[in-house]
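Each chain gets a letter, A, B and so on, in the order the sequences are listed, and its residues count up from 1.
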2 protein chains.
Amino acid sequence: MEAELTSDIARQPLTRPTEDYLKAIYQLSNDGGLVATTDLALVLGLAPASVTGMIKRLSEQGLALHERYRGVRLTHEGRRIALRMLRRHRLIEAYLVGFLAYTWDTVHAEAERLEHAVSDDLIERMAQVLGHPIFDPHGDPIPDAHGRFAEFVHVPLADVAAGETVTIRRADTRDDGRLRFLAAEGLVPGTVVTVIARQPYNGPSSLEVGGERRIVGHELATMLLCSRGT
Amino acid sequence: MEAELTSDIARQPLTRPTEDYLKAIYQLSNDGGLVATTDLALVLGLAPASVTGMIKRLSEQGLALHERYRGVRLTHEGRRIALRMLRRHRLIEAYLVGFLAYTWDTVHAEAERLEHAVSDDLIERMAQVLGHPIFDPHGDPIPDAHGRFAEFVHVPLADVAAGETVTIRRADTRDDGRLRFLAAEGLVPGTVVTVIARQPYNGPSSLEVGGERRIVGHELATMLLCSRGT
DNA sequence: ATTGAAAATTAGTATGTACTAAATTCGTTT
DNA sequence: AAACGAATTTAGTACATACTAATTTTCAAT
């Protein structure tokens with residue numbers, strides 16, 4: 001259903017901003033719905049007017065569809081490229097952590113630059129030495145070379161009832177401070193956690209993690225996506 | 001004598017073209033002399049007029065000194081950056097060959113893009129896992145973090161007299177076809193070669209390489225830089 | 001139905017880097 | 001010394017991407 005990520009259709013090389021916009025649009029429209037100019041501007045750190053201009057260019061290139069005053073969404077080709085960038089980004093993160101002793105709180109910035117510079121060849125070599133991983137260090141799924149990836153339904157730790165035992169699968173933040181804190185608390189993908197108690201009004205949760213007692217605030221508990229059971 | 005390659009003097013981030021120009025200027029002026037606009041244009045694949053414009057910008061940034069109608073040379077700061085790019089380029093090549101099964105004929109293009117995208121941190125990690133190598137896969141010296149590197153006087157294989165035994169130290173071409181051919185013939189850095197005979201008028205040399213008899217044309221023999229002895 | 005705030009777009013501008021075509025300078029040859 | 005060809009620079013333009021300020025559109029509230 002999805003075209004090859006490494007399709008060799010002859011096309012002018014994409015610029016770095018183009019790749020960034022496509023990735024951002026993709027990530028802001030999980031459902032494939034319209035993405036608002038303001039949201040895009042916020043995520044990319046740009047003025048809304050700049051985003052409008054770029055969206056026009058993306059449309060002319062057949063990478064996005066612009067509904068004036070309503071938003072953008074990606075074309076098939078645009079989505080193909082976005083998924084290609086996502087594969088690159090996440091594989092690079094996995095590689096840096098696996099082979100160059102990066103930690104999950106430092107890989108994001110590095111991958112953000114490298115994803116635009118590596119060749120398809122290098123990406124596939126990284127995938128190979130990593131054993132074709134399906135998840136990156138944050139638990140985000142890595143699309144395969146065809147743009148397909150596993151989708152799981154996860155529950156935020158903040159929504160897990162007291163008494164339940166879950167496994168952390170994904171950390172939904174890129175903020176390095178938060179990531180460092182979570183790692184220090186042992187709250188990383190793969191960890192099995194039992195919720196001992198939950199305070200109401202966005203209060204903290206008491207956890208049992210590997211025999212130890214831990215407390216996490218509501219904000220972080222929201223970002224820890226889990227699956228039920230061990 | 002040379003400033004830190006990883007100096008953290010606050011400066012606006014350099015653009016990719018800027019880095020490319022500085023590296024090219026450095027490489028075209030081994031002696032530190034003036035580099036001609038045309039030569040630069042040729043190496044960079046640009047129109048001379050474009051080069052003139054860029055040189056002007058480099059001068060304004062204090063990275064190069066322009067003597068109108070005569071040429072350019074680098075300032076200390078420009079040279080510092082050029083050496084930093086050279087270190088990056090060559091370490092990346094060494095890394096790709098050492099850890100990702102690249103061959104010496106394919107690394108150049110990949111390194112050419114990556115050298116602009118990696119962080120100083122990543123470069124130093126690569127250097128570390130490689131054991132701080134001094135030469136890249138082509139035998140080119142890798143500047144250290146201070147911009148210093150070993151300079152050796154080498155003899156082109158084409159100038160080696162019959163009967164002499166030399167060790168190949170460096171292949172002075174980036175052309176992938178030529179590099180592939182040389183590798184297939186076993187003519188790579190570290191190989192010990194005895195010249196059996198040399199034909200005059202830019203003719204081929206007969207060699208003895210690891211017990212085998214080989215013939216190399218003059219053009220390639222010019223590009224193989226050697227040191228005397230085994 | 002009107003209005004007002006938020007969102008989005010247009011208009012006009014700046015920057016970096018490239019181009020072509022025209023003009024200038026240099027250095028050598030006569 | 002003059003003149004010519006090669007090298008270089010200038011002039012003028014284009015394109016991608018960003019910005020601010022001004023304008024327009026949308027939508028929800030009255």
Side-chain angles (χ1 to χ4, degrees), chain A residues 11-25 28-29 33-75 77-78 81-82 85 112-113 115-117, chain B residues 11-25 28-29 33-75 77-78 81-82 85 112-113 115-117:
Chain A
R11 32 178 59 265
Q12 70 293 18
L14 301 166
T15 63
R16 197 194 143 147
T18 300
E19 292 178 338
D20 284 334
Y21 273 85
L22 293 176
K23 197 177 64 160
I25 295 170
L28 286 176
S29 79
L34 288 172
V35 175
T37 302
T38 322
D39 294 351
L40 212 37
L42 205 69
V43 161
L44 294 170
L46 302 172
S50 310
V51 173
T52 301
M54 187 62 171
I55 285 172
K56 197 174 296 177
R57 261 168 262 129
L58 292 175
S59 301
E60 283 160 8
Q61 292 180 267
L63 301 174
L65 298 166
H66 189 198
E67 298 187 17
R68 277 173 87 254
Y69 288 104
R70 323 203 119 265
V72 237
R73 57 206 170 77
L74 298 177
T75 60
E77 181 62 6
I81 295 165
M85 297 317 292
E112 202 63 26
R113 277 174 284 106
E115 64 186 5
H116 304 288
Chain B
R11 32 177 60 267
Q12 72 291 19
L14 301 166
T15 64
R16 198 195 141 146
T18 299
E19 294 178 337
D20 284 334
Y21 273 85
L22 294 176
K23 198 176 63 161
I25 295 170
L28 285 176
S29 78
L34 289 172
V35 175
T37 303
T38 321
D39 294 351
L40 211 39
L42 205 69
V43 160
L44 294 169
L46 301 172
S50 311
V51 172
T52 300
M54 187 62 171
I55 285 173
K56 197 175 297 178
R57 260 169 261 128
L58 293 175
S59 301
E60 283 160 7
Q61 292 180 269
L63 302 173
L65 298 165
H66 188 197
E67 297 187 17
R68 275 172 88 255
Y69 288 104
R70 323 203 117 267
V72 236
R73 58 206 171 77
L74 298 177
T75 61
E77 180 63 7
I81 295 164
M85 297 317 291
E112 202 62 29
R113 276 174 284 105
E115 63 186 7
H116 305 288

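If you measure from atom CG of A:L14 to atom C1' of D:dA16, you get 13 Å, rounded to the nearest angstrom. When rounded to the nearest whole Å, the span between CD of B:E67 and C1' of C:dC26 equals 14 Å. Rounded to whole Å, atom P of C:dG16 lies 19 Å from atom CG of B:L44. Taking atom CD1 of residue B:I55 and atom P of nucleotide C:dG16, one finds them 17 Å apart after rounding to whole Å. Counting to the nearest Å, the C1' atom of C:dT9 and the NE2 atom of A:H66 are 8 Å from each other. Between the OH atom of B:Y69 and the C1' atom of C:dA23 there is a distance of 8 Å, rounded to whole Å. Put simply, CE on B:M54 is 4 Å from P on C:dT17, counting in whole angstrom units. Rounding to whole angstrom units, CD of residue B:Q61 and P of C:dG16 are separated by 8 Å.
Among D:dT9, C:dT17, C:dC19, the nucleotide with an atom closest to any side-chain atom of B:R57 is C:dT17. Looking at the side chain of B:T15, the nearest of the listed nucleotides D:dT9, C:dT17, C:dA18 is C:dT17. Proximity note for A:A49 (side chain, C-beta onward) versus C:dA11, D:dT25, C:dA18: the nearest is C:dA11. Of the candidates D:dT17, D:dT26, C:dA11, D:dT26 carries the atom nearest the A:R70 side chain, counting heavy atoms from C-beta on. If you check C:dT9, D:dT9, C:dA18 against the side chain of B:P48, the one that comes closest is D:dT9. Nearest nucleotide to the A:L46 side chain, out of D:dT9, D:dT20, D:dA18: D:dA18.
Phosphate proximity of D:dT10 to B:K56: present, with a side-chain N or O under 4.0 Å from OP1 or OP2. At C:dT10, one or more side-chain N or O atoms of A:R68 fall inside 4.0 Å of OP1 or OP2 (strictly under the cut-off). Between D:dA6 and B:T37, no contact under 4.0 Å exists linking OP1 or OP2 to a side-chain N or O. Close to C:dA18, at under 4.0 Å from its OP1 or OP2, lies a side-chain N or O of B:Y21.
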Yes or no on side chain to side chain contact (heavy atoms under 4.5 Å, CB included) for A:H116 and B:H116, after CA distance, side-chain angles and deciding distance?
CA-CA 10 Å; A:H116 304 288; B:H116 305 288; over 6 Å; no
| CA sep, side-chain torsions, deciding dist, call: A:I25, A:L58, side chain to side chain contact (heavy atoms under 4.5 Å, CB included) | CA-CA 11 Å; A:I25 295 170; A:L58 292 175; 4.1 Å; yes
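Residue contacts shown for A:T52 include a base, since a base heavy atom lies under 4.0 Å away. Across all strands, A:S50 comes closer than 4.0 Å to base atoms (heavy-atom distances).
When each of B:R68, B:H66, B:E60 is paired with B:I55, the side-chain contact (heavy atoms from CB on, under 4.5 Å) condition holds for B:H66 and for no other.
Atom-to-atom distance recorded for B:Q61:CD and B:T15:OG1 is 7.0 Å, nearest 0.5 angstrom. One distance of note links CE of B:M54 with CG of B:D20; it measures 8.5 Å at 0.5 Å rounding.
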